[in-house]
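Here is the naming used below: chain letters follow the sequence lines, and residue numbers restart at 1 for every chain. Everything numeric here is computed off the predicted structure, so don't read it as measured data.
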Amino acid sequence: MSLIQPRTLKGFRDYLPEAMIPREQLIATAQQVYRSYGFSPIDTPALEYLEILTGKGSDETDRQLYKFQDHGGRDVGLRFDLTVPLARFAAQHVPKLGTPFKRYHIASVWRGENTQRGRYREFMQCDFDTIGTKSVAADIETGLVIHDLFQTIGFSKFTIRINNRMVLNGLLDKLGLASKSTEVLRALDKLGKIGRDKVAEEMTATAGATQEQAEQVLKLSDLAGSNAEILAQLAPLVSGSEIGEEGVSRLNEVLAGIAAAGVEEARIQVDVSIARGLDYYTGVIFETFLDDLPTIGSVCSGGRYDNLAGLFTKQELPGIGASLGLDRLLAAMEELEMLAKVRTPAPVFIPYFDGDRLGAYLKLAARIRGAGIGVEVYPDPKKLGQQLKYADSRGFSVAVIAGANEFAAETVQLKNLQSGESEEVSLAEGPNTLIARIRSILSIG
RNA sequence: GUGGUUGUAGCUCAGUUGGUUAGAGCAUCGGAUUGUGAUUCCGAGGGUCGGGGGUUCGAGUCCCCUCAGCCACCCCA
């Protein structure tokens, strides 16, 4: 019989323990931060009716969408983000849930696009959104969540770039480019990447803008200085446009609120050139870059939208949210060597040393686990040296070793696998001393 | 989807103008060492040379197609 070649589809990946452990850690961190602001978890199906997903119907999403007919002949598709499912979810359930509704959603999405470093066809997004309120408080809170998220993950150098679509729309309004806003903004969004001249070129080519109009838009890129200075320079550019002025004042409020919460100014940077490709943003926009690895792109992006569920309900549902690109962030952390090379989630190793004492090892393990510390007992009574070699290669922190001598003396040997040092710990008065010693080696108090 | 580039053991790579049975280091497993791991020594396993087709007496090597990785565009997390 011929063997089937084991393989995975382009852009789809297996996760080995050393990849999955940090992945789960990151998910746990995101959950913790989201919950600390009162966001509740939800989930939705991976598969949706095609019409739900193609509602916005751009060619690009169509190209990226995994779609097929199910066994009942229904046209279906795999979700390509978590925002569209949220819109459907909100239209269906908001009457029950009430607003404001704050949810987080951590799940895989699928896009059939070409792969690159940190870009896959199946990847995980960690979204959080607040729907049903237009309050600037929600805008501020979104910025704070992003900030806390990266701080808690362990980044000290990251920049949240912030802008407001109203500023851009106000300017385009004044210039008579409002009808071409998608093309103009898409070009503007590339400013950091392809430079001023190329952006102007693209604006004239794809949006039909005149040289002067392009120049006017690109004045945005001349703005420099502190956030307050940029906003001061911005005001005259949009003056006379109601929406533009509102955008500037809204930006001021958001910055003030984030500062009031104690976030240092260097973390938040007004960048009037970020636009986000997605059409549905209407207010504040966020993008998050890692200062040490800006080329990987934005690792957490989002913004405000006026009418999330307009395709599905007549009820107006404004909202704001952002999405952490978990897989892209992990690729970045890997490159920055921020991921510990641990291949075991349990720190304590018990060798199966004396072949007749399995029960004693299991009991010891159970007692340590009872104190909330993970323990692995080796399954075979192999030679101690081999078992320790295994423990070493998996990255265990401590080994609790007991053989005939130790059993006779009611002790165990506690071995610190990092330093190699061993100490004898008595079990005569129960496991508390041992657990305290393990805790101190693991530095968990 | 478009263009470029790469693909030899689990990993990093060598492999002569196309020429016998494709090699090394690391890793794995076993032993030296029946109570102590990251360093030593010995040995073993592991390859459809990414896959398919073609040229040739003969292909890891040349040609075509395909799959996968990386890079750029597009778009975006």
Side-chain angles (χ1 to χ4, degrees), chain A residues 2-13 16 26 30 58-65 80-83 106-127 146 182 185-187 189-190 193-194 198 202 206 274-279 281 286-290 295-302 321-332 335 341 349 351-355 378 381-407 412-422:
Chain A
S2 74
L3 296 172
I4 298 161
Q5 187 191 357
R7 53 185 187 154
T8 49
L9 285 164
K10 181 187 179 76
F12 289 72
R13 298 163 303 152
L16 273 55
L26 212 49
S58 83
D59 293 346
E60 194 53 43
T61 55
D62 202 52
R63 206 178 78 188
Q64 297 190 348
L65 198 59
F80 57 88
D81 70 11
L82 300 178
T83 305
I106 299 177
S108 291
V109 303
W110 296 267
R111 293 183 194 173
E113 65 176 342
N114 242 338
T115 55
Q116 246 175 75
R117 177 186 57 161
R119 301 179 63 166
Y120 310 97
R121 288 183 171 176
E122 177 181 59
F123 59 97
M124 194 163 262
Q125 289 193 326
C126 309
D127 278 31
I146 296 173
T182 305
L185 296 182
R186 200 163 275 170
D189 208 37
K190 294 176 193 164
K193 216 170 177 183
I194 64 177
K198 290 255 164 91
E202 184 169 331
T206 65
I274 65 164
R276 312 272 314 122
L278 298 169
D279 301 340
Y281 289 117
F286 296 99
E287 294 206 328
T288 312
F289 292 85
L290 305 175
T295 53
I296 197 109
S298 173
V299 287
C300 185
S301 311
S323 179
L324 172 71
L326 185 86
D327 293 278
R328 183 178 283 186
L329 183 62
L330 278 167
E335 195 157 326
K341 293 247 157 53
F349 179 74
Y352 187 177
F353 188 12
D354 183 333
Y378 198 78
K382 285 203 207 172
K383 285 196 293 191
L384 187 59
Q386 284 174 37
Q387 297 191 47
L388 288 174
K389 203 171 170 186
Y390 166 86
D392 181 51
S393 71
R394 295 302 158 104
F396 284 93
S397 300
V398 298
V400 176
I401 304 171
N405 300 344
E406 284 80 5
F407 283 117
V412 293
Q413 253 189 71
L414 187 60
K415 185 175 177 104
N416 182 329
L417 292 170
Q418 258 83 61
S419 68
E421 285 162 15
S422 244

Would you name the heavy atoms of [X] and [Y] that are closest together and state the gap between them?
X: Ala322(A); Y: Ile146(A); result: CB-CD1, 4.0 Å
X: Ser298(A); Y: Arg328(A); result: O-NH1, 3.1 Å
X: Lys415(A); Y: Gly420(A); result: NZ-O, 3.7 Å
X: Ile274(A); Y: Phe286(A); result: CD1-C, 4.5 Å
X: Pro351(A); Y: Val400(A); result: CD-O, 3.3 Å
X: Phe349(A); Y: Ala391(A); result: CD2-CB, 3.5 Å

Would one find a side-chain N or O of Lys190(A) under 4.0 angstrom from OP1 or OP2 of C73(B)?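 Checking C73(B) against Lys190(A), no side-chain N or O comes under 4.0 Å of OP1 or OP2.
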Under 4.0 Å between a side-chain N/O of Arg186(A) and OP1 or OP2 of C75(B), yes or no?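 Indeed, a polar side-chain atom of Arg186(A) lies that close.
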Going by ring-ring contact (aromatic ring centres under 6.0 Å, His included), name the residues that satisfy it together with Phe123(A), two or more places apart in sequence or in a different chain. none
Pairing residues for Phe289(A) by the ring-ring contact (aromatic ring centres under 6.0 Å, His included) criterion, not counting sequence neighbours: none
Using a 4.0 Å heavy-atom cut-off, does [X] contact any base of the nucleic acid, only the sugar-phosphate backbone, or nothing at all?
X: Glu406(A); value: base
X: Ile401(A); value: base
X: Ala399(A); value: nothing

When every nucleotide of nucleotides 38-47 of chain B is labelled 5' to 3' by its protein contacts under 4.0 Å (heavy atoms), B for base, S for sugar-phosphate only, - for none, what sequence of letters results? B---------
Residue whose nearest RNA chain B nucleotide is more 5′ - Phe353(A) or Gly325(A): Phe353(A)
Between Ser393(A) and Ala404(A), whichever has its closest RNA chain B nucleotide further toward 5' is Ser393(A)
Taking the [atom1] atom in each of [N] and [M], what is the distance between them to the nearest angstrom?
N: C64(B); M: G69(B); atom1: P; result: 22 Å
N: C62(B); M: U55(B); atom1: C1'; result: 8 Å
N: G50(B); M: A22(B); atom1: P; result: 15 Å
N: U16(B); M: U12(B); atom1: C1'; result: 22 Å
N: A24(B); M: A9(B); atom1: P; result: 14 Å
N: A44(B); M: G3(B); atom1: P; result: 50 Å
N: C74(B); M: A68(B); atom1: P; result: 23 Å
N: U48(B); M: G31(B); atom1: C1'; result: 33 Å

Checking contacts here: which listed nucleotide (G30(B), C76(B), G35(B)) is nearest the side-chain heavy atoms of Gln386(A)? G30(B)
Can you tell which of C76(B), G37(B), A32(B) lies closest to the side chain of Leu388(A)?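 Of the options given, the side chain of Leu388(A) lies nearest G37(B).
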To the nearest angstrom, how far is [X] atom [atom1] from [N] atom [atom2]?
X: Asn405(A); N: G35(B); atom1: CG; atom2: C1'; value: 8 Å
X: Arg394(A); N: G37(B); atom1: CZ; atom2: P; value: 18 Å
X: Tyr390(A); N: G30(B); atom1: OH; atom2: P; value: 13 Å
X: Leu16(A); N: G10(B); atom1: CG; atom2: C1'; value: 11 Å
X: Glu113(A); N: U2(B); atom1: CD; atom2: P; value: 15 Å
X: Gln387(A); N: C29(B); atom1: CD; atom2: C1'; value: 16 Å
X: Phe349(A); N: G37(B); atom1: CZ; atom2: P; value: 13 Å
X: Lys383(A); N: G35(B); atom1: NZ; atom2: P; value: 9 Å

Taking Watson-Crick and G-U wobble contacts under 3.5 angstrom, with | marking pairs to another strand and [ ] crossing pairs, the secondary structure of RNA chain B is written (((((((..((((.....[...)))).(((((.......))))).....(((((..]....))))))))))))....
What does the list of N/O pairs under 3.5 Å between the protein and nucleotides 49-52 of chain B look like, with a distance for each?
none

With the stacking rule set at 5.5 Å and 30°, tell me whether Phe123(A) counts as stacking on A77(B). yes
Look only at the side chain of Arg121(A) and the backbone of Phe12(A), and say whether a donor-acceptor pair between them is shorter than 3.5 Å. no
Contacts of Asp327(A) that satisfy side chain to side chain donor-acceptor pair (under 3.5 Å) - sequence neighbours left out: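 Testing Asp327(A) for side chain to side chain donor-acceptor pair (under 3.5 Å), a comparison that skips the adjacent residues, returns Arg13(A), Arg23(A).
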Looking at residues at least two apart in the chain, or sitting in another chain, which of them share a side chain to side chain donor-acceptor pair (under 3.5 Å) with Glu122(A)?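 Partners of Glu122(A) by the side chain to side chain donor-acceptor pair (under 3.5 Å) criterion, ordered by chain and then number, come out as Trp110(A).
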What verdict does the side-chain contact (heavy atoms from CB on, under 4.5 Å) test give for Lys10(A) and Asn114(A), after you've listed the backbone C-alpha separation in whole Å, the side-chain angles of each residue and the deciding distance to 0.1 Å? CA-CA 9 Å; Lys10(A) 181 187 179 76; Asn114(A) 242 338; 3.3 Å; yes
Side chain to side chain contact (heavy atoms under 4.5 Å, CB included) involving [X] - partner list, sequence neighbours excluded:
X: Phe353(A); result: Tyr361(A), Leu384(A), Ile401(A)
X: Ser393(A); result: Arg343(A)
X: Ser419(A); result: Asn416(A), Glu421(A)
X: Ala332(A); result: Leu290(A), Leu293(A), Ile296(A)

Pairs: protein N or O with nucleotides 69-72 of chain B N or O, under 3.5 Å:
{"residue": "G69(B)", "atom": "OP1", "partner": "Gly11(A)", "partner atom": "N", "Å": "3.1"}
{"residue": "G69(B)", "atom": "OP2", "partner": "Lys10(A)", "partner atom": "NZ", "Å": "3.4"}
{"residue": "C71(B)", "atom": "OP1", "partner": "Arg117(A)", "partner atom": "NE", "Å": "3.4"}
{"residue": "C71(B)", "atom": "OP2", "partner": "Arg117(A)", "partner atom": "N", "Å": "2.5"}
{"residue": "A72(B)", "atom": "OP2", "partner": "Gln116(A)", "partner atom": "OE1", "Å": "2.9"}

